[in-house]
Protein chains: 2
Amino acid sequence: MSTTTSLSADELGSAAQRDRHRRILDATYELAREGGFDAVQMRAVADQADVALGTLYRYFPSKIHLLVSALVREFERSEAAFRELDVVPGDTAAERVTFVMQRTTRGLQRDPRLTEALTRAFMFADASVATEIRTVVRLLTAMLTRAMHPGRTTPPTDDDTTIARVIGDVWLSALVAWVTGRSTAAETGAHLERAVSLLLRD
Amino acid sequence: MSTTTSLSADELGSAAQRDRHRRILDATYELAREGGFDAVQMRAVADQADVALGTLYRYFPSKIHLLVSALVREFERSEAAFRELDVVPGDTAAERVTFVMQRTTRGLQRDPRLTEALTRAFMFADASVATEIRTVVRLLTAMLTRAMHPGRTTPPTDDDTTIARVIGDVWLSALVAWVTGRSTAAETGAHLERAVSLLLRD
DNA sequence: GCGGGAGATAGAACGTGTTCCTATCATGGC
DNA sequence: GCCATGATAGGAACACGTTCTATCTCCCGC
């Protein structure tokens, strides 16, 4: 039997297993931060996490699963941080969304190699990583719709979701362009801001 | 000396070289159409194009360059086809842009494996492929701004370019989602259409 | 205590992208 | 015609993702 999705942290029985899981993601994060996508080599991750190569593959069925799982963990942290921040500054939806995007983007730009590794993994992922990808998309959409309507309890409308998804699309493309050196950080920010103001003129 | 960009067709001296170049791209196209990204194996491409492996690498410095160059060729064909089509149907910019996008998308969906190969290569490309990537972006933006303002001779405004780029971003994300099985062809089309009507309400 | 089984380890082995090397070939200048 | 030089063929070699095998360890039910 070969699993096709990564084991999630909660469905791991023993404490030792949860700890291995965490060590693997920590090692991935660290290697990616230092050397980007190419430096995240499966043997290196296994070494640094102090597990055998076979064990690494038991927890994460491929390098892409591994990196996208690391991305999920980062996004969960980031989304939780925004949820705790009960006042997103800005008077209009456009301003608040721009704030959320720019802050997230700046966070990513602080660790270019890490961002490169996570972004490329995300973009290269195929159907077998669909579960993890969906989680990322869901978290991002949630962050954006919350910024559009702070404090609202009713679920977002279809229009809101579409707008959030379009902004997410633009953001991802901008990230890819930045990661691959096709645009500077400033251009990325400017394009994002123009796109948001086009989509959220109210 | 190792080149970092692919040799473009025009800067190849002899007819024999231009022919090798074409044979290589033809083989790439064929293999991708039949088996997708994984089937485009460098040894297989070299065999089918009837060149040595070393020659293949002299023309295209990596598998990604190779696939993105194939994408450039397809896009050039497609853009030329739209330019010849002097009347794009539709009364509004939104309708015309939607027409162009849907027709292109349907063309891609006719060869899912080819699309998967080209899309994943495009998304995985790193800085060394920037030249080719820029060409694709330029062609796509040109196609879209032309659809927005058919028959216009003055260059597109900044706003036009931004809108075209955002639509391009959404289109690419939708393509990735479709290629990786996260969304169906119908959902892809619907999302695209919603995005265009949000961006081009006039 | 103890035997059995799931999960872990160490490391060999395999496939494919990439590099490198050498012999051969083609071509343009004399 | 002949030579110098760069391009191509053919194939070995290497790196890293992935798979496989053999062995070990630890925990659970008895």
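To find a chain, count down the sequence lines: A is the first, B the second, and so on, and within it residues start at 1.
Legend: residues meeting side chain to side chain donor-acceptor pair (under 3.5 Å) with Ser62(A), ordered by chain and number and at least two apart, are His65(A). Annotation: salt bridge (charged side-chain N to carboxylate O under 4.0 Å, His left out) contacts of Asp50(A) (sequence neighbours excluded): none. Every residue two or more places apart in sequence or in another chain was checked for a side chain to side chain donor-acceptor pair (under 3.5 Å) with Arg110(A), and none qualifies. Considering only residues two or more places apart in sequence or on other chains, Asp160(B) meets the side-chain contact (heavy atoms from CB on, under 4.5 Å) condition with Thr145(B), Met148(B), His149(B), Arg152(B), Pro156(B), Thr157(B). For Glu34(B), there are no salt bridge (charged side-chain N to carboxylate O under 4.0 Å, His left out) partners at least two apart in sequence or on another chain. Glu79(A) pairs by the side-chain contact (heavy atoms from CB on, under 4.5 Å) definition with Arg83(A), Leu139(A), Ala142(A), Met143(A), Arg146(A), not counting sequence neighbours.
The salt bridge (charged side-chain N to carboxylate O under 4.0 Å, His left out) contacts involving residues 59-68 of chain B comprise nothing, where partners must be two or more places apart or lie in separate chains. Counting only residues at least two apart or in different chains, salt bridge (charged side-chain N to carboxylate O under 4.0 Å, His left out) contacts with residues 168-193 of chain A are absent.
OP1 or OP2 of dA8(C) has at least one side-chain nitrogen or oxygen of Gln17(A) nearer than 4.0 Å. Residue Tyr59(B) places at least one side-chain N or O closer than 4.0 Å to OP1 or OP2 of dT8(D). Remark: Arg43(B) is not in phosphate contact with dT16(C), judged by side-chain N or O atoms under 4.0 Å from OP1 or OP2.
The side chain of Arg20(B) has dA9(D) as its nearest neighbour among dT18(D), dA9(D), dG17(D). Listed candidates were dG7(C), dA9(D), dT19(D). Nearest to the side chain of Tyr57(A) is dT19(D).
The stretch residues 47-56 of chain B comes close to DNA chain D through Asp50(B), Val51(B), Ala52(B), Thr55(B), each having a heavy atom under 4.0 Å from the strand. Heavy-atom distances under 4.0 Å link DNA chain C to no residue of residues 117-125 of chain A.
A donor-acceptor distance shorter than 3.5 angstrom exists from the side chain of Arg201(B) to the backbone of Leu198(B), with no hydrogens or angles considered.
In this structure, Arg23(B) does not pair ionically with Asp26(B), as no charged nitrogen and carboxylate oxygen lie closer than 4.0 Å. A salt bridge is absent between Glu116(B) and Arg113(B); no separation between the charged side-chain nitrogens and carboxylate oxygens falls under 4.0 Å. Glu76(B) has no carboxylate O lying under 4.0 Å from a charged side-chain N of Arg73(B), or vice versa, which leaves the two without a salt bridge.
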Just by protein heavy atoms under 4.0 Å, how would nucleotides 22-30 of chain C read 5' to 3' in B, S and -? ---------
Could you go over nucleotides 28-30 of chain D and give all protein N or O partners under 3.5 Å, atom names and distances?
none

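One finds the CG atom of Leu71(A) at 11.5 Å from the OH atom of Tyr29(A) (value rounded to the nearest 0.5 Å).
Remark: C1' of dT19(D) and CE of Met42(A) are 12 Å apart, rounded to the nearest angstrom.
Residue-level contact check: Val45(B) touches neither bases nor backbone, having no heavy atom under 4.0 Å from any strand.
Along DNA chain D, the nucleotide nearest to Ile64(A) and the one nearest to Arg23(B) differ in position, and the one closer to the 5' end is contacted by Arg23(B).
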